[in-house]
Amino acid sequence: MVHQDERAMLAIGVLGGLEIRKLGREVTVPGRNGPWLLAGLALGGGRPISEDQLTEWVWGPSGASVGALRTGISRIRTWLRDRMSLPGAIELTPQGYRLDLARVRLDAARFTELTEAAAAERDAERRLGLLQRALAEWRGPVLLGAPERLRDCPEAHRLDTAQLTCVLDVADLALALDRPQDAVDHVVRLAGRHPYDERLHARLITVLGASGRRAQALRWFEATRKRLADELGVDPSPELRDAHAALLAEEPRAAGRKPARPAVPNMLPPDVTDYTGREEIRRELRRHLCDPGRNTVAIAAIAGMGGVGKTALALHLAYELRAEFPDGQLYMDLHGTGTQTEPVDPAEVLSRFLRILGVGGDSIPPTLDERAELFRTQMADRKALIILDNAADTAHVMPVLPGSPSCAVVVTSRRPLGSLTGARQVDLDVLSPAQATTLLERIVGEDRLARDPAAAQELPSLCGYLPLALCIAGARLAVKRHWTATTLVSLLSDERRRLDEFAYGPLHVRAVFALSYQGLEPDEQRAFRRLGLIEATSFASWAAAALLDVDVPEADKLLETLVDAQLLQVAATDSAGRTRYLFHDLVRLFSRETGEAEDSAQVRRDAVERLLSCLLSVSRQAYSVLYGGEHQIVRGSPRRPRLPADYVEELVADPVEWFETERLTIVDAVHLAASTGHEELCWDLACTTAIFFSLLKYLDDQHTMLETGYAAAERAGDVRGMAAVLQRRGMLHVDKALYDLGRADYDRSLELFRQAGDVHGQGIARTYLAMVDRFVGHFDQAMSRYEQALDELRAAGDLGTEAFVLRNIAQIHLDQDRLQLARTNFEAALAIYEPLDTPRGLAQTLYWLGSLDLREKRYDEARDAFTRTLAGARTIGDRVGESLALHGLGESSMRQGLLEEAEVVLTQAVDIARSLKSRLIQARVRTSLGELYHVAGRPTEAAAQLETAVEIARTIGTKPIETRAADLLNEVRGSTT
């Protein structure tokens, strides 16, 4: 069916809110009813839809003439031809208009195609996979947010029924395949939308029970039974009663089937292929970690010098014990080895562990103690193994230890961890001569070493029997097929000074690294020395290109050469298919020492500056994609791009995804800039990327970076930089509804911008001060500040922030019922945002235009604006925008009397707001929910929501919301007396 690259096709989504995308970006169909016309054609699934039918779906039974329909279709055809390069995508047939599905990607068509393929598939496992892929096309109810007449058409109901059938089939197949956990999420999601479908609820009870969630299944049955009795006056069906009876009896659904266990986390890196020796130590540790009589968590502490094989032992042991710890294996490299890389903070370790255990980022507590408590709770009933690699000391691991005796922990460190109470201590030594020889034979090949027995006997001693040195030597010999063991022994023997160091402590590893290093060409050696300057867990070749001052293809070549020499490792492949690299800690240390010995301080400083400048340039481009330009932010000095423009454009085509890949690189880079005297790069990078940390709620990282950036600017006496950081920190406070702290930062920022003579910065600071005034109800003061800010921003030529100010002025007019003035300013903002192609600004403005349409009772227009807002917010991963758009859709539905639909979307909105810990949005949405329940005659629920809204609004100081919620609450109480 599909004749071109799906990504390049126009993608139409009707399985959820209407989505229309090209090349991954949201596009707008022309005309007020244009999107719904295209949606109606899409519902046809490639079949013709008559003019009468389309007119009724889009305008209602008597809402438009045939001429209006044809004009609308003509406009869409022109748009498809001229803007989307799709001439002839809409065909006129004797039966009506037809959308050519060979020219577009339609999620409903893909769903149907996959379910039909599943029906023809005889293999149960492949059939389940096809059905799961089909369900992945769904984002919510068909055309959520569209006019009711379109959502209630027969084609929409057909799709809803097909989804229900698909979910029931998935549940049955998952049970038959003993994989009930694969169906749980699908059935739960749909059960909430079909509260009276007893077949679906019976399946849900069965799959929950079979997945080991018996208590939850029992609670679900009781809630379903009560709902049927209270709302329909009927008893549960036989199918529902049978599922309940089987649950009480703890009977499996199929004879002989064992209850399935949910998927468990496994963070272990690959096991060591050529692991050799340590049999007695492994036997002792297995006994200790698996002791059934213990009443505390079992801990093994493995200490020893760098390169002695601590990590290899821990991982090999973990793989040997996987069956003993079926509920998960967690792993984290703590980087506490004493190198220049900062140790991983226990709070970050807990954050990563909690995420892999299924705790959402928005639910992770802010403090170390709270995270430790939540982690211990998560681990209380698990039988899991935790590997904490390269700990700095005992204090480094204490917060990360679980409390349950069902868990076990293995800690490795270069330092003895004697103060780790109750731990089995292991002081790891080098291998025995026999074990070292065996390891080399496994790497190189026994036959090959046997050709040169004298050299093969000497080689282990030259390596000091150190596992890391043996692995490096053996790998080189294995790669160089024209070498003999004598060749390698001769090379090592020529380095008598290095061999002496090889025999003492960590110096012996350096000799092996030096041998590899000396085998490189001059440009490869230079690359190796420079790359050690990177402060990041892993890095991509574009970062290496900037550091080395070469193009990306040349950087790729150099990196792969270093991988072949075993001086660099492949870390992973990112979501775009780009290879990421990393150094082993000891190799990075050797690289830096070599650089310090062979390169001047200025050469190294210049390399770091190139790297940081490149990262900043790419970050700025990512920001510009999100905001349509470098608006609403103060920059440092211009930086010359280090990469071709088309390469950077491709790199940040999805700016949020790019940020997720490079988040830790950015955090490390801000600290590197501060520690190497690049103060302006430090604060500029922290400010430029702050919005991404805010969007995705990495608030700990955001706070730390801004503090680092401010300290660097202050140290350099950079008044403008200090002001820029305070401006971003103020936004962080305001996002948390800490308005007094936000105002203090903005006030100080404004003062510093005045000192620096920066009119642009003053305009931005004044804009945010006005925003705080508006939030707390000081409208006159806010308006005065906005008007002054407009003059400053226009003088600076910052169109994006000018549009932001116009939008906020419009919001004040809206709050004070000056509706025409509000519309004038909203449209003025939109006129700026649209040519700038600003996804975030457009979405926010459309939201407020929708709010204005609501006030003017233009409900269809409001629904359209909120639907477009929702699509835009989800495109850029803006959860705040998503909750606001759902709030708007809920308000629209409520005003149109669609109370059930309004309750669904308002509940979703308040759930997102709670997960984001946004008290301001919670107060807004709870006020609307209170009004909804009041209108629906549910005074108890109305009062509960409104009381909470009043309390939140009063706490954070948002007077307008407090007043509205209090007035509604008085109405509710008055109606019940």
Side-chain angles (χ1 to χ4, degrees), residues 261 264-305 307-334 336 349 353 375-376 378-391 393-394 396-436 438-439 442 465-468:
R261 199 169 56 237
V264 296
N266 180 4
M267 299 173 68
L268 296 177
D271 195 6
V272 179
T273 305
D274 302 307
Y275 193 83
T276 302
R278 319 291 194 193
E279 289 86 0
E280 183 57 36
I281 293 173
R282 282 158 39 212
R283 191 159 41 246
E284 176 188 351
L285 291 179
R286 284 197 298 269
R287 282 198 301 266
H288 173 67
L289 296 173
C290 300
D291 181 3
R294 67 174 184 268
N295 55 16
T296 60
V297 60
I299 305 172
I302 304 172
M305 61 181 290
V308 79
K310 304 180 296 296
T311 299
L313 171 59
L315 288 176
H316 197 64
L317 187 64
Y319 276 96
E320 288 180 326
L321 296 177
R322 282 186 67 183
E324 302 295 326
F325 297 94
D327 295 329
Q329 300 84 40
L330 306 181
Y331 172 88
M332 185 63 64
D333 186 349
L334 303 179
V349 178
F353 280 176
F375 177 67
R376 289 194 292 270
Q378 288 282 325
M379 301 301 291
D381 297 321
R382 294 178 186 264
K383 195 169 184 182
L385 179 65
I386 303 168
I387 309 294
L388 300 174
D389 200 15
N390 291 316
D393 49 35
T394 299
H396 200 183
V397 300
M398 286 300 292
V400 193
L401 298 179
S404 171
S406 62
C407 295
V409 181
V410 179
V411 185
T412 74
S413 176
R414 291 188 183 179
R415 302 182 183 91
L417 302 178
S419 58
L420 197 57
T421 307
R424 180 62 54 89
Q425 302 288 339
V426 175
D427 187 10
L428 208 59
D429 203 352
V430 297
L431 297 176
S432 69
Q435 291 171 336
T438 300
L439 177 56
R442 289 179 176 176
Y465 309 109
L466 189 70
L468 178 59

- Indicate whether any N or O donor in one side chain lies under 3.5 Å from an N or O acceptor in the other, for T276 and R442.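 Yes, because at least one side-chain N or O of T276 sits under 3.5 Å from a partner of the opposite role on R442.
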- Query: So, E280 and R283, do they make that salt bridge, N to O below 4.0 Å?
  - Reply: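 Salt bridge: yes.
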- Item | Matching residue for R286 among E320, E279, E324 - test: salt bridge (Lys or Arg N to Asp or Glu O under 4.0 Å) |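 Single pass found, and it is E320.
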Pairwise side-chain contact, [X] with [Y], heavy-atom cut-off 4.5 Å (strictly under):
X    : Y    : value
R382 : P265 : yes
I386 : F375 : yes
T412 : L388 : no
S404 : D381 : no
P405 : T296 : no
D389 : L334 : no
S419 : T394 : yes
P399 : R376 : no

From [X] atom [atom1] to [Y] atom [atom2], the distance as rounded to the nearest 0.5 Å:
X    : Y    : atom1 : atom2 : result
L321 : R282 : CG    : CZ    : 10.0 Å
F325 : L385 : CZ    : CG    : 5.5 Å
L330 : F353 : CG    : CZ    : 5.0 Å
E284 : L289 : CD    : CG    : 10.0 Å
K310 : L315 : NZ    : CG    : 12.0 Å
S406 : D327 : OG    : CG    : 7.5 Å

- Evaluate side chain to side chain contact (heavy atoms under 4.5 Å, CB included) for Y331 paired with T311, printing each intermediate quantity in order. CA-CA 11 Å; Y331 172 88; T311 299; 4.2 Å; yes
- Message: Just to verify, which of V426, I302, L317 counts as forming a side chain to side chain contact (heavy atoms under 4.5 Å, CB included) with I281?
- Response: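 In the set V426, I302, L317, the residue that makes a side chain to side chain contact (heavy atoms under 4.5 Å, CB included) with I281 is V426.
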- Donor-acceptor pair, side chain of R322 and main chain of Y319, under 3.5 angstrom: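 Flag not set: sc R322 to bb Y319 has no pair under 3.5 Å.
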- Does the H288 side chain pair with the main chain of A298, one donor and one acceptor, at a distance under 3.5 Å?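 Absent.
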Shortest non-hydrogen separation from [X] to [Y] and the atoms involved:
X    : Y    : answer
S413 : A391 : OG-O, 2.8 Å
P467 : L431 : CG-CG, 4.0 Å
D429 : R278 : O-NH1, 2.7 Å
A314 : V410 : CB-CG1, 3.8 Å

